Amino acid sequence: MATPNVPLWEVFIRSRNGLAHKHVGSLHAADARLALQAARDIYTRRGEGLSIWVVPSSAITASDPAEKGMMFEPAESKIYRHPTFYDVPDEVGHM
Amino acid sequence: MYTQALNTSDAEDRHVEDAARAGLFQARIDAEERIEPNDWMPAAYRKTLTRQISQHAHSEIVGMLPEGNWITRAPSLRRKAALLAKVQDECGHGLYLYAAAETLGTSREELVDMMLAGKAKYSSIFNYPTQTWADIGAIGWLVDGAAIMNQIPLCRCSYGPYARAMIRVCKEESFHQRQGFEIMLTLSRGGKEQKSMAQDALDRWWWPVLMMFGPPDKASQHGDTSTKWKIKRFSNDELRQKFVDATVPQAQYLGLTIPDPDMTRDEAGHWVYSPIDWEEFNQVLAGNGPCNRNRLGARRKAHDEGAWVREAAAAYAAKRSHRDVAQAAE
């Protein structure tokens, strides 16, 4: 008999105070509590974190890599959005 | 780690379904871009990686068995704590790798079922027994040492999730090798019996470890595609030579003798080893190694005996979610 599938979760860990939670990987667990316990065992065996989030993978909506151009290209031509686009005379000093 | 011997692809996979897309795909690989799960990829790339990563994962899980054998008999609390941590790491490595393999579209459950059905391979090295405590030292020093040689280039593999999993694995693997070397060092500086125990372990593990790197380059027919796709960055013989060159001085430091009396050093400083008995490798791969049946039997038993836990967790999760729905409706 085929083994039934167990839901997939994405794991995010805050490594230090002041830093954001960062995606570290995924795991399988029947519910949120088991997912948190498994995340601790799989991803924080060497003090990698102070806080863990687990999110059902099915709850994530992702952009389509095939539409990367449409999504991100418009930003590439707008160099005036960066501070280095503007000239400030040396005499003015640091700005 | 243990993929070098397993990463062959079927010749019939190599037809290309869409020449234009395949051309763009190869251009991305050539530009050292990483391929991510939702990107287009040739079916053969997906199939090769699914097989390689899942077999790598199975190897980590089966690899817990020979070492787990010594946890209750470790000679001190320090050794026992380290061995427990190491075996737990192997389990973690298996799980990172299953997660990476799943991103290619086959569920972990399917992959595990294939292994339990005997349809998927794992590294042959784990079909050898751990007869003495020194074997735990030899596994850490040699098997994990060989694993590191193989895994470091995989950190730059073209498939993003695999490369990221390997970075994590490599960081942890270094502890494994060092704890193994320390065990060998302690034994080889100990009494006569301890030293001979260390030598016996080296004698038994040396040749199987050299086989871990896979068949010689001239016998391997399918290396090209994996190299072209930047899954594989070094050939089997290149990695094997690197390993031998790194390990011989370590054995000398331990005062142990590599069981290859004809080994010589060439002008370039490389250690030239004697021919490897590939018939033994083929036999173990075909299921006739000393522990093949035992390992698969142990995995099946663990899977079957864990069935009630999976069922109970699923039943509890279902009950909770019904209750949540009912409460929301009130």
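Below, chains carry the letters A, B, ... as their sequence lines are ordered, and counting in each starts from 1. Below, each value reflects all heavy atoms present in this structure, side chains not excepted, and no hydrogens, waters or symmetry copies. Computed from a predicted structure; not experimentally measured.
No more than 12 heavy atoms of other residues, nucleotides or ligands shown are found within 6.0 angstrom of NZ on Lys119(B). Counting heavy atoms of neighbouring residues, nucleotides and ligands inside a 6.0 Å radius, atom CZ of Arg78(B) does not exceed 12 of them. The environment of CZ in Arg300(B) is crowded: more than 12 heavy-atom neighbours from other residues, nucleotides or ligands sit within 6.0 Å.
Side chain of Glu109(B) to main chain of Val6(A): a donor-acceptor pair is present (N/O by atom type, distance under 3.5 Å, no hydrogens or angles). Looking at Arg168(B), its side chain does come within 3.5 Å of a backbone N or O of Tyr43(A) through a donor-acceptor pair.
Under the 4.5 Å side-chain criterion, counting only non-hydrogen atoms from C-beta, Glu172(B) is in contact with Arg46(A).
The CZ atom of Arg310(B) lies 5.5 Å from the OG1 atom of Thr3(A); values are rounded to the nearest 0.5 Å. A distance of 9.0 Å separates CZ of Arg108(B) from CG of Leu8(A), quoted to the nearest 0.5 Å. Taking CD1 of Ile42(A) as the start and NE2 of His93(B) as the end, the distance is 11.5 Å to the nearest 0.5 Å.
When every heavy atom of Ala317(B) is checked against every heavy atom of Ala30(A), the shortest pair comes out as CB-O, 3.3 Å.
Neither the backbone nor the side chain of Glu10(A) comes within contact range of chain B, judged by heavy atoms closer than 4.5 Å. Looking at Arg164(B), there are no atoms closer than 4.5 Å to chain A (heavy atoms on both sides), in backbone or side chain. Interface remark: Ala314(B) contributes backbone atoms only to the contact with chain A (heavy atom separation under 4.5 Å). Only the side chain of Glu102(B) comes within less than 4.5 Å of a heavy atom of chain A; its backbone N, CA, C and O stay farther away.
Annotation: maximal heavy-atom pairing with chain A below 4.5 Å, among Asp39(B), Leu95(B), Asp89(B), Asn38(B), occurs at Asp89(B). For the set Glu110(B), Glu36(B), Gln88(B), the count of heavy-atom pairs under 4.5 angstrom toward chain A peaks at Gln88(B).
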What verdict does the side-chain contact (heavy atoms from CB on, under 4.5 Å) test give for Tyr316(B) and Leu34(A), after you've listed the backbone C-alpha separation in whole Å, the side-chain angles of each residue and the deciding distance to 0.1 Å?
CA-CA 11 Å; Tyr316(B) 183 71; Leu34(A) 288 173; over 6 Å; no
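For the residue pair Ser107(B)/His28(A), the side-chain donor-acceptor check at 3.5 Å is not satisfied.
At a heavy-atom separation below 4.5 angstrom, chain A is approached by no residue within residues 23-34 of chain B.
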